[in-house]
Asker: 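The structure that follows is given in the form of structure tokens.
Only a predicted model underlies this, so the values are computations on that prediction, with no experimental measurement involved.
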Amino acid sequence: MSTKVDLSKVDMNNPGGWPLPIKAVACVVLALFIIGMSWWMFVSDRRDILAALESKEQSLRAEFQDKQGRAANLEPLKQQLAQMELMLQQMLRQLPSKNEMPDLIVDISQTALATGITNELFQPGAETPKEFYAEKPIALRMVGTYHQFGAFVSGVASLPRVVIMTMHDISLTPRAGKPGQLVLQGTVKTYRYLDEEEAAETAAAATGGGK
């Protein structure tokens with residue numbers, strides 16, 4: 001025999017007076033609600049943690065792959081660096097040495113005279129040491145024709161030692177009253193290599209100056 005409960009007579013503000021079946025249903029609903037909310041909050045929190053971990057995993061994986069690639073290329077890069085340093089030293093050794101520099105300056109001046117150029121000014125300045133080499137400025141004023149200057153450049157290039165000259169504030173202008181004559185004036189710099197002792201002294205000076 002079933003027992004029917006008249007819900008219209010149930011006082012919602014007095015749960016203690018509810019009939020037993022209503023109390024049982026209410027307890028089940030409340031329990032399900034608490035379990036559902038607890039599960040949702042737990043899962044939601046874990047989802048945030050999972051998303052953070054997945055992001056961190058991707059970051060670590062990318063970092064690992066980057067470092068792995070660098071490690072794989074490290075040895076070939078070391079070999080390339082050693083080869084480049086060797087090539088640099090070989091190229092530097094082709095420049096004149098400290099003892100050869102005075103004779104080289106004379107050779108440059110004599111090459112100009114041999115091509116018919118007039119050296120109105122040919123004044124070497126003080127050297128400036130760099131990391132692997134030293135540069136020496138030469139203030140000059142030369143007078144000659146276009147072809148004479150071409151022969152001068154060709155003659156310098158034919159000298160036994162590699163001669164590198166860079167031009168600074170150079171001007172080439174016609175000479176007044178002398179058709180075909182050009183005036184080349186300004187500063188050129190030529191270079192020589194530093195021996196091991198000089199390079200060490202230069203490096204020590206640079207380190208001391210940077211402190």
Side-chain angles (χ1 to χ4, degrees), residues 70 73-211:
R70 291 183 182 181
N73 294 327
L74 183 59
E75 192 60 32
L77 288 175
K78 285 183 177 180
Q79 295 177 359
Q80 291 180 10
L81 179 60
Q83 292 175 353
M84 291 174 64
E85 290 178 347
L86 179 61
M87 292 174 60
L88 175 61
Q89 291 300 322
Q90 292 175 344
M91 293 175 64
L92 289 173
R93 287 294 184 270
Q94 295 179 14
L95 294 175
S97 65
K98 181 179 181 180
N99 294 332
E100 294 172 322
M101 199 63 174
D103 291 338
L104 179 64
I105 298 297
V106 173
D107 288 343
I108 294 174
S109 177
Q110 291 298 321
T111 300
L113 295 175
T115 58
I117 292 175
T118 302
N119 289 332
E120 294 186 349
L121 176 66
F122 193 90
Q123 183 176 356
E127 283 187 347
T128 302
K130 301 295 183 180
E131 187 175 359
F132 301 110
Y133 62 90
E135 61 180 27
K136 190 175 187 66
I138 303 174
L140 50 79
R141 177 183 170 87
M142 296 179 169
V143 180
T145 65
Y146 174 82
H147 295 291
Q148 287 173 334
F149 281 118
F152 167 66
V153 173
S154 178
V156 170
S158 300
L159 292 175
R161 274 290 186 178
V162 173
V163 180
I164 298 177
M165 289 196 305
T166 57
M167 298 184 178
H168 305 267
D169 302 323
I170 288 290
S171 65
L172 183 64
T173 57
R175 190 170 191 180
K178 299 287 185 179
Q181 293 285 307
L182 302 173
V183 178
L184 177 70
Q185 59 183 353
T187 301
V188 298
K189 291 182 180 180
T190 188
Y191 305 85
R192 71 172 181 84
Y193 75 86
L194 299 179
D195 57 33
E196 294 181 359
E197 182 178 351
E198 289 177 314
E201 291 176 354
T202 301
T207 303
K211 293 182 179 180

Asker: My understanding is that only residues two or more places apart in sequence, or in another chain, count here; which of them pass side-chain hydrogen bond (donor to acceptor under 3.5 Å, both in side chains) with Thr115?
Answerer: none
Asker: Not counting sequence neighbours, which residues clear salt bridge (charged side-chain N to carboxylate O under 4.0 Å, His left out) with Lys130? List them please.
Answerer: none
Asker: Output side-chain donor-acceptor pairs under 3.5 Å for residues 136-153, partner residues at least two apart or in another chain, one line each.
Answerer:
{"residue": "Lys136", "atom": "NZ", "partner": "Gly125", "partner atom": "O", "Å": "2.9"}
{"residue": "Arg141", "atom": "NE", "partner": "Glu120", "partner atom": "OE1", "Å": "2.5"}
{"residue": "Arg141", "atom": "NH1", "partner": "Gln185", "partner atom": "OE1", "Å": "2.7"}
{"residue": "Thr145", "atom": "OG1", "partner": "Gln148", "partner atom": "N", "Å": "3.2"}
{"residue": "Thr145", "atom": "OG1", "partner": "Gln148", "partner atom": "OE1", "Å": "3.4"}
{"residue": "Gln148", "atom": "OE1", "partner": "Thr145", "partner atom": "N", "Å": "2.8"}

Asker: Does a side-chain heavy-atom distance below 4.5 Å link Thr173 with Val183?
Answerer: yes
Asker: Sequence neighbours excluded, which residues qualify as side chain to side chain contact (heavy atoms under 4.5 Å, CB included) partners of Gln79?
Answerer: Glu75
Asker: Going by side-chain hydrogen bond (donor to acceptor under 3.5 Å, both in side chains), name the residues that satisfy it together with Lys178, two or more places apart in sequence or in a different chain.
Answerer: none
Asker: Rounded to the nearest 0.5 Å, what separation is found between the CD atom of Glu127 and the OG1 atom of Thr190?
Answerer: 10.0 Å
Asker: How close do Leu182 and Pro174 get, heavy atom to heavy atom, and via which atoms?
Answerer: CD2-CA, 4.0 Å
Asker: Working to the nearest 0.5 Å, report the span between CD of Glu135 and NE2 of His168.
Answerer: 6.5 Å
Asker: Side chain to side chain contact (heavy atoms under 4.5 Å, CB included) with Glu100: which residues, sequence neighbours excluded?
Answerer: Pro96, Ser97, Arg161
Asker: Just verifying a value: how many Å separate Met101 CE and Arg192 CZ, rounded to the nearest 0.5 Å?
Answerer: 7.0 Å
Asker: Which donor-acceptor pairs under 3.5 Å do side chains of residues 107-114 form with protein atoms, sequence neighbours excluded?
Answerer:
{"residue": "Ser109", "atom": "OG", "partner": "Asn119", "partner atom": "ND2", "Å": "3.3"}
{"residue": "Thr111", "atom": "OG1", "partner": "Asp107", "partner atom": "O", "Å": "2.6"}

